[in-house]
2 protein chains.
Amino acid sequence: MTSATADAPKPSLLELLWREAPASPRRGPRKGLTVDAVVDAAIAIADAEGLEAVTMRRIAQSLGVAPMTLYTYVPGKAELIVLMLDALYAAMPRTETTGRLWRERLAAVARDNYAMYRAHPWAAAASQTRPPLGPGQCAKYEHELRSLDDTGLSDVERDDALAYLLAFVRTAAADAARAEAERETTAMSDREWWESNGPLLAKVFDAERYPTAARVGQAAGEAHGAAFEPRHAFDFGLERTLDGLAALIER
Amino acid sequence: MTSATADAPKPSLLELLWREAPASPRRGPRKGLTVDAVVDAAIAIADAEGLEAVTMRRIAQSLGVAPMTLYTYVPGKAELIVLMLDALYAAMPRTETTGRLWRERLAAVARDNYAMYRAHPWAAAASQTRPPLGPGQCAKYEHELRSLDDTGLSDVERDDALAYLLAFVRTAAADAARAEAERETTAMSDREWWESNGPLLAKVFDAERYPTAARVGQAAGEAHGAAFEPRHAFDFGLERTLDGLAALIER
DNA sequence: GACGTACTTAGTACAATATACAACGTACGG
DNA sequence: CCGTACGTTGTATATTGTACTAAGTACGTC
């Protein structure tokens, strides 16, 4: 070991989320960037080219610095993605619904979240059930919990109900993003797929063995004009989810 | 170009799923493996060490062949994962529930799926809303659709309802797997986390600004003894999901 | 004012990934 | 019996996150 380096106390993820820099002695060259600059650059890339395009090299390039420079601002890529998500949560619009019925309020929460995920498709895949307690997440949680005021639910039930609703929206958005990405990358249209795979499927799929699957599958495909219609899945699921919560709230 | 190579017609994913090899002229050395052997080896690794441990090298090693050999049996890694999923669907147990009420039948479908995902945690993360029409998926779809017989739903509604239920189960299982993996990899227990992050959070989290979040968050944390209890989330969500479908079925 | 030291930046390096390419050997059809 | 189609494998490439090491910068202290 060269010398007893003071072993930099490297900031925790929580400190980073709240931008609580440990007030470093500010020695050495001035920082050319900020955490927000790195996070914003990463979000811009993810929005434009998807999460898989977000590499440390790519971010550094878009900021005009060397890749390793980023590690001065962020401990690693995993933490960066958490920061990106919290920034989204902080910035997303929150529909004001005071005075409306609980069902309308919850529907607005769901639609706000869905819109946010659709605007940033990478976020649906990256987000988790229990995100770290960053400022964006806290503000979001507070706002969304208020939509369950005067429902008669206990505090624990409110948390359960909100988590349930948000998990549905996240999944619906992730599925929508995946379907869209697939449609873009796959050169094949639904019609072309059937022309190329239909004959084989007809030979191999035993309609006598799977009568229900054959009938329902065809009906669903024709009804939506595609194998999977994300918007319909969201609309259908949202009504079911609100009905399910209604059974708890209006019991 | 050396010679007009016959341009091997390389099998489509659908042919592979149904094991419909195009009956090649069988020249050259005999194949030492089968598609199933590759798929089974990959599943074994995924079960034991997680999806990120499933690399072409690792599979090849466990089969005693060179990595590139696998490409004789499988076009690429993406296709292999689809094959792994369909194998799971084909092999999973399906509870027999003829004669029971629709709600019990659907609950059994949900629990079968949840058990399958918990036994193979990687599958929840890998599976998609609209999987390719492999034999496993077809058998699964047929069985699960039957649980919606005599509900009075239209064919399209049956497909919607099933997809809605399955999406819930998949998400719940994926969240459970993620929580479990996090608990294993993170050296820190919940208590340790609070001891190390509590002071900062107390300083930075404005309980006057987020009163509901503070109250509900604490209540939920105490009720479950942890930040997130996957089993409770599944039980709660399943009841809500069935209630939501009941509103459609028993209207 | 000058200097040492803490701190930012950058260059290089490494291990791991999927998979393209081409050489090698095998065994069947003629 | 031999040519050729095909299974197998070694090598190679592009890309990834990030550890390590040097180099340069500017503030706190004398």
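No hydrogens, no waters, no symmetry mates; every other heavy atom, side chains included, goes into these values. The sequence lines fix the lettering, A, B, ..., with proteins before strands; numbering per chain opens at 1.
Straight-line distance from the CD1 atom of B:I59 to the P atom of C:dT17: 11 Å, rounded to whole Å. The nearest whole Å value for the distance from the OH atom in B:Y73 to the P atom in C:dT19 is 18 Å. Rounded to a whole Å, the CD atom of A:E79 is 12 Å from the C1' atom of D:dG17. Rounded to a whole Å, the CG atom of A:L70 is 10 Å from the P atom of C:dA10. Rounded to an integer number of Å, the gap from B:Q61 CD to C:dT17 C1' is 15 Å. To the nearest angstrom, C1' of D:dA26 lies 15 Å from NZ of A:K31. One interatomic measurement links the two molecules: CZ of A:R57 to C1' of D:dT15, which rounds to 7 Å at whole-angstrom precision. Distance CZ (B:R58) to C1' (C:dA15): 17 Å, rounded to an integer number of Å.
Between B:R30 and B:K77, the residue anchored closer to the 5' end of DNA chain C is B:K77, taking for each the nucleotide with the nearest heavy atom. Both B:V54 and A:L33 sit near DNA chain C, but only A:L33 has its closest nucleotide nearer the 5' end.
Taking the six-membered ring for Trp and the full ring otherwise, the centers of B:F205 and B:Y210 sit less than 6.0 Å from each other.
Residue contacts for B:T55: at a heavy-atom cut-off of 4.0 Å it reaches the sugar-phosphate backbone alone, with no base atom in range.
We find that B:E144 and B:K140 are joined by a salt bridge, their nearest charged nitrogen and carboxylate oxygen being less than 4.0 Å apart.
Listed by first and then second residue, the salt bridge (charged side-chain N to carboxylate O under 4.0 Å, His left out) pairs involving residues 37-57 of chain A are A:E49-A:R58 (not counting sequence neighbours).
You'll find that the side chain of A:M68 is closest to C:dG11, out of C:dA18, D:dG17, C:dG11. In the set C:dG11, D:dT18, D:dT9, the nucleotide with an atom closest to the side chain of A:M56 is D:dT18.
Under the 3.5 Å distance criterion, with hydrogens and angles disregarded, a donor-acceptor pair is assigned to the side chains of A:D159 and A:Y141. Looking only at atom types and distance, the side chain of A:D160 has a donor-acceptor partner in the side chain of B:H232 under 3.5 Å away.
Taking only side-chain nitrogens and oxygens, A:T69 comes nearer than 4.0 Å to OP1 or OP2 of C:dA10.
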